[in-house]
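Please read these numbers as outputs of a predicted model, since none were measured by experiment. Any value given below was found using the heavy atoms of this structure, including those in side chains, with hydrogens, waters and symmetry copies removed. Note on naming: letters A, B, ... go to the chains in the order of the sequence lines (proteins, then strands), and numbering restarts at 1 for each one.
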Number of protein chains: 2
Amino acid sequence: MPETRSRTPAGQRILAAAEELFYDRGITAVGVDLIAEHSGLTKRTLYNQFGSKDHLVTAYLTERDQRWRALVRDTVDTCADPVEAVTAPFDALRTWSRTNTRGCAFINALAELPDPAHPAHRIAADQKHWLLNLFGELATAAGCAQPARLATRLLVLHEGALATQPLALDTLAESTGLARSLVRASLETGGLEGTQR
Amino acid sequence: MPETRSRTPAGQRILAAAEELFYDRGITAVGVDLIAEHSGLTKRTLYNQFGSKDHLVTAYLTERDQRWRALVRDTVDTCADPVEAVTAPFDALRTWSRTNTRGCAFINALAELPDPAHPAHRIAADQKHWLLNLFGELATAAGCAQPARLATRLLVLHEGALATQPLALDTLAESTGLARSLVRASLETGGLEGTQR
DNA sequence: CCAGAAGTACACTGATCTGTGAACCACCAG
DNA sequence: CTGGTGGTTCACAGATCAGTGTACTTCTGG
């Protein structure tokens with residue numbers, strides 16, 4: 001399989017062009033000829049490297065997922081305070097949003113690729129579960145009450161801010177503030193209103 | 001313009017088929033021939049009624065928006081208690097989700113139609129602003145503190161539950177619970193942790 | 001020097017896509 | 001009876017799509 005081989009320089013350039021075009025214009029709307037043209041390489045090289053458009057789409061999502069996870073990990077790691085670390089993914093999202101203004105690439109990909117058997121569905125589900133687990137681990141490490149429930153709520157806030165991003169409502173600041181409030185509340189003794197029911 | 005004329009029975013059937021196919025399989029992935037075939041009408045009639053695929057897409061989103069708003073309005077109106085009414089849109093979302101499992105049709109449409117000049121962008125933005133304003137009005141009517149801020153937070157929770165729906169994480173129950181907690185907290189005296197900062 | 005890998009140039013297939021033209025039919029109101 | 005509206009049938013144009021075949025070049029490691 002071509003996608004398991006280490007990427008050649010030409011393959012990397014094609015993948016970079018594909019990432020930009022797929023994210024900005026949508027997967028179905030972007031043809032392989034356009035990707036080849038934007039990358040400065042030929043369509044033949046694209047097919048020699050990736051085998052098919054579907055494989056290129058999968059590589060695009062995989063690469064993007066790795067870049068995003070690295071950013072989140074880095075942002076979390078720079079937090080000395082374990083309480084601040086719980087909401088660090090929201091800070092990472094702020095950084096990420098400066099250069100990615102078309103919402104979540106994975107939600108967008110699922111919108112265009114309805115077939116549940118497509119690898120994109122597994123990649124997207126894995127990513128969200130990864131973030132959910134990360135929230136859970138961070139909440140546990142910070143000593144939050146009911147870390148699993150808190151993690152789910154933080155995930156909803158995160159995805160909500162991401163989903164409403166293309167609408168220019170500036171929901172990120174509000175959801176980050178609410179996330180911090182939830183973490184703070186979960187550290188206080190007894191079941192507050194955020195934890196009951 | 002054909003889209004302003006009152007719809008003929010054939011036009012309604014075509015629009016119904018388009019709604020189902022566009023939502024389930026994506027807009028770009030569905031061709032006009034497929035819509036004609038599923039509706040039992042001809043492609044010629046489709047073009048006589050709607051003029052172009054773009055107009056049909058716009059009609060699809062408009063119709064869907066109206067159906068959804070009617071459901072939300074009805075759900076809100078059946079609430080005797082003004083406090084319960086604030087989170088009624090979350091109950092409407094639960095009903096809606098039973099037959100619409102592919103996330104938000106408008107977010108999905110924006111993913112496929114990157115051109116900001118496309119009417120879909122206006123329709124989607126209008127819908128989210130409508131919900132935001134509705135949350136604000138309901139919060140004010142219920143006597144919540146800082147209704148505008150609460151409305152934004154409720155919108156984020158709503159969209160977060162909707163965005164994560166295709167991932168089968170059952171985030172709707174959790175976000176609904178959190179929404180109720182926020183409303184409850186905003187009714188108690190003094191600035192709680194959910195309102196400060 | 002040579003073999004193989006990577007990339008180019010370019011023509012091409014077959015399928016699918018949106019959209020049109022034109023003749024035709026059925027029905028209903030005036 | 002007649003004209004118009006709504007719908008059908010079917011062929012077709014023109015563009016674009018994913019993907020292939022083949023011969024050529026260029027570079028590098030042994």
Novice: In whole angstrom, give the distance that lies between atom CG of Leu46(A) and atom C1' of dA6(C).
Specialist: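 So the two atoms are 14 Å apart, to the nearest Å.
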
Novice: Output yes when Asp170(B) and Arg94(B) qualify as a salt bridge under the 4.0 Å nitrogen-oxygen rule, no when they do not.
Specialist: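 Salt bridge: no.
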
Novice: Using whole Å, what does the distance between atom P of nucleotide dA6(C) and atom CZ of Arg7(A) come to?
Specialist: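 Atom CZ in Arg7(A) sits about 13 Å away from atom P in dA6(C).
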
Novice: OP1 or OP2 of dG7(C) less than 4.0 angstrom from a side-chain nitrogen or oxygen of Thr8(A), does that happen here?
Specialist: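 For Thr8(A), the contact criterion (side-chain N or O under 4.0 Å from OP1 or OP2 of dG7(C)) is met.
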
Novice: If you look only at pairs with a residue in residues 140-181 of chain A, which of them pass as a ring pair (Phe, Tyr, Trp, His ring centres under 6.0 Å), with sequence neighbours excluded?
Specialist: Phe90(A)-His158(A)

Novice: Taking Lys53(B) first and then Asp33(B), would you say they form a salt bridge - that is, a charged N and a carboxylate O separated by under 4.0 Å?
Specialist: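 Asp33(B) and Lys53(B): not salt-bridged.
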
Novice: Round to the nearest Å and state the distance from Asp54(A) atom CG to dA18(D) atom P.
Specialist: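 It works out to 11 Å between those atoms.
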
Novice: For Glu20(B), is there an ion pair with Arg25(B) - N to carboxylate O distance below 4.0 angstrom?
Specialist: no

Novice: Atom CZ of residue position Arg67(B) - does it have more than 12 heavy atoms of other residues, nucleotides or ligands inside 6.0 Å?
Specialist: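 Atom CZ in Arg67(B) is crowded, with more than 12 foreign heavy atoms closer than 6.0 Å.
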
Novice: Base contacts versus sugar-phosphate-only contacts with protein, heavy atoms under 4.0 Å: please encode nucleotides 20-30 of chain D as B, S and - from 5' to 3'.
Specialist: BBB--------

Novice: Give the minimum heavy-atom separation between Lys43(B) and Ala36(B), together with the two atoms involved.
Specialist: N-CB, 3.6 Å

Novice: Can you tell me how far C1' of dT5(D) sits from CD of Gln49(B), to the nearest Å?
Specialist: 11 Å

Novice: In residues 10-36 of chain A, what residues come within less than 4.0 Å of DNA chain D, judged by heavy atoms?
Specialist: Val30(A), Gly31(A), Val32(A)

Novice: Please report the distance, rounded to the nearest Å, between CG in Asn48(A) and C1' in dA18(D).
Specialist: 15 Å

Novice: By the 4.0 Å heavy-atom rule, please label Thr45(B) as base, sugar-phosphate, or nothing.
Specialist: base

Novice: Please give, in whole Å, the distance from dG19(D) P to Leu56(A) CG?
Specialist: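 Taking atom P of dG19(D) as the reference, CG of Leu56(A) is at 10 Å.
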
Novice: Evaluate whether atom CD of Glu63(A) has more than 12 neighbouring non-hydrogen atoms of other residues, nucleotides or ligands under 6.0 angstrom away.
Specialist: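 Enclosed.
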
Novice: Under 4.5 Å between any side-chain heavy atoms of Gln165(A) and Leu93(A), yes or no?
Specialist: no

Novice: What is the distance, to the nearest angstrom, from the CZ atom on Phe50(A) to the P atom on dG7(C)?
Specialist: 10 Å

Novice: Hey, can you tell me if Trp130(A) and Trp68(A) have their rings parallel, tilted or perpendicular (30° and 60° cut-offs)?
Specialist: perpendicular

